[in-house]
Amino acid sequence: MADIITAKTAGFCFGVKKAVDKAFELADPEKKVYTYGPVIHNDEVIKRLSDKGVKLLESEEELNALQSGTVILRSHGVPKAVIDLLEDKGIDYVDVTCPFVKRIHDIVYKESEEKQIVIAGNPAHPEVEGIMGWCKTPADVISTEEEADAYEPKDGRDVCLVAQTTFNYKKFKKILEIFEKKSYHVIIVNTICNATANHQTEARSIAEGADAMIVIGDKKSSNSRKLYEICSEVCPRTEFIQTVSELKLKQDGSIRKVGITAGASTPNYIIEEVQNYVRREF
Ligand code: F3S
């Protein structure tokens, strides 16, 4: 029988767990409960919530058309305008934005009056859209060192640099070094969440010692995909699956150690199903 090592950090991080628990607590088929955008990036969880009557609002038009009910605001955060809209309409909402993301909202809300906000992150990610939506003056987003090199703040304003919580720390360090070398005044707040880095470090160290590695996560989840990339670099027999039914890995006598990890939006019951399967078959 093969040894199985499951990462301690596998699955929900603190912010996602809080958001999902709250969404299931509020779910009630008798009432009108909605989430604005998927509460987390995991189809299985969204489906379970929908089975419990929670409907997904996908656009601002849908939100605007709402007359009553309770809206759950996703863990990645939403722009301030969304909250203002709900308050204007008198619709109940429950904000499950991760406290680490909320901290960024508070920083940019305060600093954007005087300073130019620069966000190190992916401009298309909902978290970054949310952060931009808390800036009182338009924010700039940069994702690469080249963009940092070429960057000039408008009207020579002082700069406040923050990062998307899942931004790569090494890249952020390079960007902040570039910014510090520039002559303009800049304040830098490292808003990267340690959960991601810890997750990645543990995944790599397990994969290094494993004959086969299983990464469980939704194909749309960027942190799950990143875990897969890291594990494949050090363990060629790494598989990326959404649920146990996708697993192709077979015991051929050469697998003595199987590592398992899962993205931050993978629910525990899916991890357990994979563990049970590996325990039986390997
Ligand atoms: Fe929050 Fe960090 Fe998770 S920012 S949602 S605890 S990855």
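What you see is a predicted model; the values in this text were computed from it and never measured. Heavy-atom basis, side chains included; hydrogens, waters and symmetry copies ignored. As the structure lists them, so they are numbered: ligands from 1, and atoms in each ligand from 1.
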message = If we check side-chain hydrogen bond (donor to acceptor under 3.5 Å, both in side chains) with Gln116, which of these qualifies: Asp155, Asp158, Asp140?
response =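 The option that passes is Asp140.
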
Q) How close does the nearest protein non-hydrogen atom get to atom 2 (Fe) of ligand 1, and which residue and atom is it? A)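 The closest heavy atom on the protein side is Cys193 SG, 2.3 Å.
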
Q. At what distance is the nearest protein heavy atom to atom 6 (S) of ligand 1, and which residue and atom is it?
A.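 So the nearest neighbour among protein heavy atoms is Gly15 N, 3.5 Å.
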
| query | Aromatic rings His105 and Trp134: how do their planes relate, parallel, tilted or perpendicular, breaks at 30° and 60°? | reply |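 Plane angle under 30°, so parallel.
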
Quiz item: Would you call the rings of Phe100 and Phe14 parallel, tilted or perpendicular, where under 30° means parallel and over 60° means perpendicular?
Solution: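 The rings of Phe100 and Phe14 sit tilted, inter-plane angle from 30° to 60°.
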
task: Compare Ser75, Cys13, Gly77 and give the one whose heavy atom is closest to atom 7 (S) of ligand 1.
output: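 Of the listed residues, Cys13 has the closest heavy atom.
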
Fill in: Close side-chain approach of Phe12 to Thr266, heavy-atom, < 4.5 Å
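When only atoms from C-beta onward are counted, Thr266 and Phe12 do not touch, as no gap falls below 4.5 Å.
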
**Item:** Which of the ligand 1 atoms, numbered from 1, are nearer than 4.0 Å to a heavy atom of Thr165
**Value:**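 Here the atoms of ligand 1 in question are 4 (S).
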
Practice task
Look at Cys98 and state whether any of its N, O or S atoms is less than 2.8 Å from atom 1 (Fe) of ligand 1.
Solution key: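 True for Cys98.
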
Write down the atom of Leu56, the atom of Pro38, and the distance for their closest heavy-atom approach.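 Looking at all heavy atoms of both residues, the shortest contact is CD1-N, 3.4 Å.
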
